[in-house]
Amino acid sequence: MMHRALISRGARLVQQASADGSLLACSAPAAACSQRPASSVTIPPPACMLRPLEAPFRYLFGPGPSNVPPRVLAAGGRPIIGHLHPEMYEIMNDIKKGIQYAFQTQNNMTLSMSGSGHAAMECAVFNTVEPGESVLVAINGIWGERVAEIAERMGAKVHTIVKTPGAYFSNQEIEQALAKHKPVLFFLTHGESSAGLAHPVDGIGDLCRKHNCLFLVDSVASLGAAPLYMDQQNIDILYTGSQKALNAPPGTAPISFNERACEKMFNRKTKPVSYLLDMTHLSNYWGNDGKPARMYHHTGPVSGFFALRESLAILAEKGLERSWQEHRELAEYLWKGLEDLGLKLFIKDKDLRLPSVTTIAIPEGYDWREMLAYIMKHHQMEMTGGLGPSIGMVMRVGLMGYNCKKPNADMALNALADALRNCKKSKA
C-alpha cells in the first residue's frame, strides 16, 4: 500500500510542476521522469531540414539539364542494389552496349563516368596526357577554355587556336596547328552549347592520325541530336553527358577510347594525376580489361546508372537516325518561329547550327536578363543567357530529348513573344 501511495504522490508532483513549464507532464513514476542528461550536441538541427523537400516544376528549355521522362525517373527510383552485385554488372554491361550504339563504335573501352561531363573531360585528358607533353585545344566557346585549363593544371604544354563564339575552324587551319605544335592530343567541341554551333568533324580524325595525334571530341550537347559516328570519323576519344538529349538526370557521363587511345594511356611513364579517374582501375570496374574479376575502385551511382540505362534504352528503341531527324525538324520549326518574332539567330549558317541548343542574338534595346527573369516568373520556363565568352551576346533555347516536341516549341515562342511585349525596351 505504501509503495502505491509513493508512486501516486510522485505522479501528482510531476503534474503540478508542469504547470509552470519547469517540468514536462508525465503519468509515469517520478523516478522514470528524471531529467535527461545534457546533450553533447551543440549545433541544433537546422530548421530547413525539418521541413519536407520542395522542388517546383519547371519547363527546362535551356541548354540542359532537360526535363526527364517519367520512365527514366521511375528507373532511377527503383530499389538500390549493391554496386558490386552481379545484377549491377549486368546493368553496366547493358550501359556499355547502349553507349556503343549511341556513339556508333565497337570500342571495347567504353563506359560511363561516375560524374558529370566534366568528369569525362578530365578523365580523357588526365589519362592520355603526361606532364610536359604538347596539347592543342580549339577554343570557340567555353568548353575549349575548360579543357585548356584542365590540361595546363596537370602540367601539359597547352597550345590553342582561338576564334570568337560561333565561328568554326577549317581543316586547313587545324592541320597547320597540328604541324606547328606536334601535340599528343587535339581537342574539339562538336556541340558548342555556349554558342549554338555544331562543328564539322569530317576529315579531322584523318589529320590527327597523319600527325600522330589523338582526336578528343566533346559531344555533351550534341549526342543524340546531331549525327556523329565515332568509328567512321576516326574519333579516338569521345564523351558526352547524361542530362541533355539523352534525358537522364545529371551525374553520369559516357566515354569511349579506341585502341590508339588505349595504347597511349596504358603505356604511360607516370600515373594519372587522379586516382578516381584512373582508367587502369576504371577499365577493370567496367569489366573492360579482360580480367576474370572486377575489383572495388569506388562506389558507383547505382540510381544514376539505372536512369542512364533506361535513357539509352529509349534511344535504342527510337533509333539514332529518327532521333537526329526529330531534333533537326523541331529546330527548323523553332528557327522559323523565332524569325517570325523578329528575332535574329546567332549562327547564320543553318548547317552549322546545333539542333539541340538554339542561340538568339540579344534583341536590340532589351535587357536579356530582364527577359529571362520575366519568362521564368510568368511561364515557369528556363531559358538562359550565354556562357563564358558568349555572355552578353546570346540567349539560349534548348529543346532536346523528351522536350523535343512541337508543343514545347510553341510554348517557348509564346513566352518569348510575351517577354518582347512586356519587358522594357530602351529608346536607344
Side-chain angles (χ1 to χ4, degrees), residues 107 109-162 169 174 177-178 180-190 192-194 204-205 208-209 211-221 235-241 250-286 288-289 297-298 300 387-389:
N107 294 338
M109 200 58 64
T110 300
L111 63 149
S112 174
M113 304 304 300
S114 301
S116 69
H118 278 78
M121 182 187 288
E122 290 201 332
C123 177
V125 175
F126 288 170
N127 282 279
T128 60
V129 180
E130 297 194 64
E133 291 185 326
S134 174
V135 172
L136 178 63
V137 181
I139 299 178
N140 58 344
I142 191 170
W143 307 119
E145 291 182 342
R146 290 283 169 90
V147 170
E149 181 171 346
I150 288 168
E152 182 182 13
R153 285 183 178 214
M154 55 79 57
K157 294 179 180 178
V158 179
H159 308 279
T160 61
I161 48 176
V162 182
F169 302 90
I174 292 170
L178 291 172
K180 178 179 179 181
H181 300 295
K182 297 177 174 53
V184 299
L185 182 76
F186 171 59
F187 170 84
L188 181 76
T189 309
H190 178 236
E192 181 47 82
S193 58
S194 65
I204 300 175
C208 288
R209 295 193 176 197
H211 291 273
N212 195 29
C213 169
L214 295 177
F215 184 28
L216 168 61
V217 174
D218 178 315
S219 68
V220 172
I235 299 170
D236 297 300
I237 312 162
L238 179 65
Y239 68 85
T240 192
T252 55
I255 188 169
S256 183
F257 300 81
N258 68 8
E259 287 300 320
R260 292 183 75 237
C262 288
E263 179 69 21
K264 177 73 168 71
M265 71 180 176
F266 292 134
N267 289 282
R268 300 171 57 97
K269 297 176 182 177
T270 60
K271 291 182 178 181
V273 295
S274 169
Y275 180 87
L276 178 63
L277 305 179
D278 188 337
M279 281 298 299
T280 303
H281 301 297
L282 290 174
S283 62
N284 174 262
Y285 180 54
W286 279 84
N288 293 341
D289 64 353
H297 172 248
H298 73 284
L387 188 63

Correct closest heavy-atom pair for Ser112 and Thr252 would be OG-CB, 3.5 Å
Between Val184 and Thr128, is there a side-chain heavy-atom distance shorter than 4.5 Å?
no
Rounded to the nearest 0.5 Å, the CG atom of Asn140 sits from the OG1 atom of Thr160 at a distance of 11.5 Å
Here the pair of heavy atoms bringing Ala253 nearest to Ala120 is CB-CB, 3.8 Å
Practice item. Look at the side chain of Thr240 and the backbone N and O of Ser219, then say whether any donor-acceptor pair between them is shorter than 3.5 Å. Key: yes
Original post:
Going by distance alone, is a donor N or O of one side chain under 3.5 Å from an acceptor N or O of the other, for Asn258 and Asn107?
Top reply: no
Val125/Val135 under side chain to side chain contact (heavy atoms under 4.5 Å, CB included): CA gap, chis, key distance, verdict = CA-CA 9 Å; Val125 175; Val135 172; 5.7 Å; no
Hey, does the side chain of Glu130 reach the backbone of Thr270 with a donor-acceptor pair shorter than 3.5 angstrom? yes
Sorted by chain and residue number, the side chain to side chain donor-acceptor pair (under 3.5 Å) partners of Ser116 (sequence neighbours excluded) come out as none
With sequence neighbours left out, the residues meeting side chain to side chain donor-acceptor pair (under 3.5 Å) with Ser193 are Trp143
* Asked: Quick one: does Leu282's side chain get under 4.5 Å of Met113's, heavy atoms only?
  -> yes
Tested for side-chain contact (heavy atoms from CB on, under 4.5 Å) against Phe186, the lone hit among Leu214, Val217, Leu216, Ile204 is Ile204
- Query: Taking the side chain as C-beta and beyond, is there a heavy-atom pair between Arg153 and Glu149 under 4.5 Å?
  - Reply: yes
Rounded to the nearest 0.5 angstrom, the CD-CZ distance for Glu133 and Arg268 is 7.5 Å
Salt bridge (Lys or Arg N to Asp or Glu O under 4.0 Å) filter on Arg260, not counting sequence neighbours, yields Asp236
Separation between SG (Cys208) and CD1 (Ile174), nearest 0.5 Å, reads 7.5 Å
**Asked** Between Asn127 and Pro272, is there a donor-acceptor pair closer than 3.5 Å when you use the side chain of the first and the backbone of the second?
**Response** no
Value for CE (Met265) from CG (Asp278), rounded to nearest 0.5 Å, stands at 9.5 Å
Lys264 vs Val129 side-chain heavy atoms within contact, under 4.5 Å:
no
Checklist entry - Are any non-hydrogen side-chain atoms of His297 and Leu276 less than 4.5 angstrom apart? => result yes
Closest non-hydrogen contact found for Ser114 with Gly300 is OG-CA, 3.9 Å
So CD1 of Ile139 and CZ of Arg146: to nearest 0.5 Å the spacing works out to 12.0 Å
Discussion item. Within the structure provided, determine whether Asp218 and Met121 are in side-chain contact (heavy-atom separation under 4.5 Å).
Written reply: yes
Starting from the C-alpha separation in whole Å, work towards a yes-or-no answer on side chain to side chain contact (heavy atoms under 4.5 Å, CB included) for Phe266 and Ser283.
-> CA-CA 11 Å; Phe266 292 134; Ser283 62; 4.2 Å; yes
Are His159 and His181 linked by a side-chain donor-acceptor pair shorter than 3.5 Å? yes
Rounded to the nearest 0.5 angstrom, the CE-CD1 distance for Met109 and Ile255 is 11.5 Å
**Message:** What I'd like to find out is whether the side chain of Tyr239 reaches to under 4.5 Å of the side chain of Cys123, using heavy atoms alone.
**Reply:** no
Practice item. Assess whether side chain to side chain contact (heavy atoms under 4.5 Å, CB included) is satisfied between Lys271 and Thr280, documenting all intermediate values. Key: CA-CA 9 Å; Lys271 291 182 178 181; Thr280 303; over 6 Å; no
Residues Ala138 and Phe169: closest non-hydrogen pair is CB-CE1, 3.6 Å
Check your understanding: Are any of the side-chain heavy atoms of His190 and Leu238 separated by less than 4.5 Å?
Key -> no
Residues Met154 and Pro131: closest non-hydrogen pair is O-CG, 3.7 Å
Q. Just by modelled atom types, is the Leu277 backbone N or O under 3.5 Å from a matching donor or acceptor in the Ser274 side chain?
A. yes
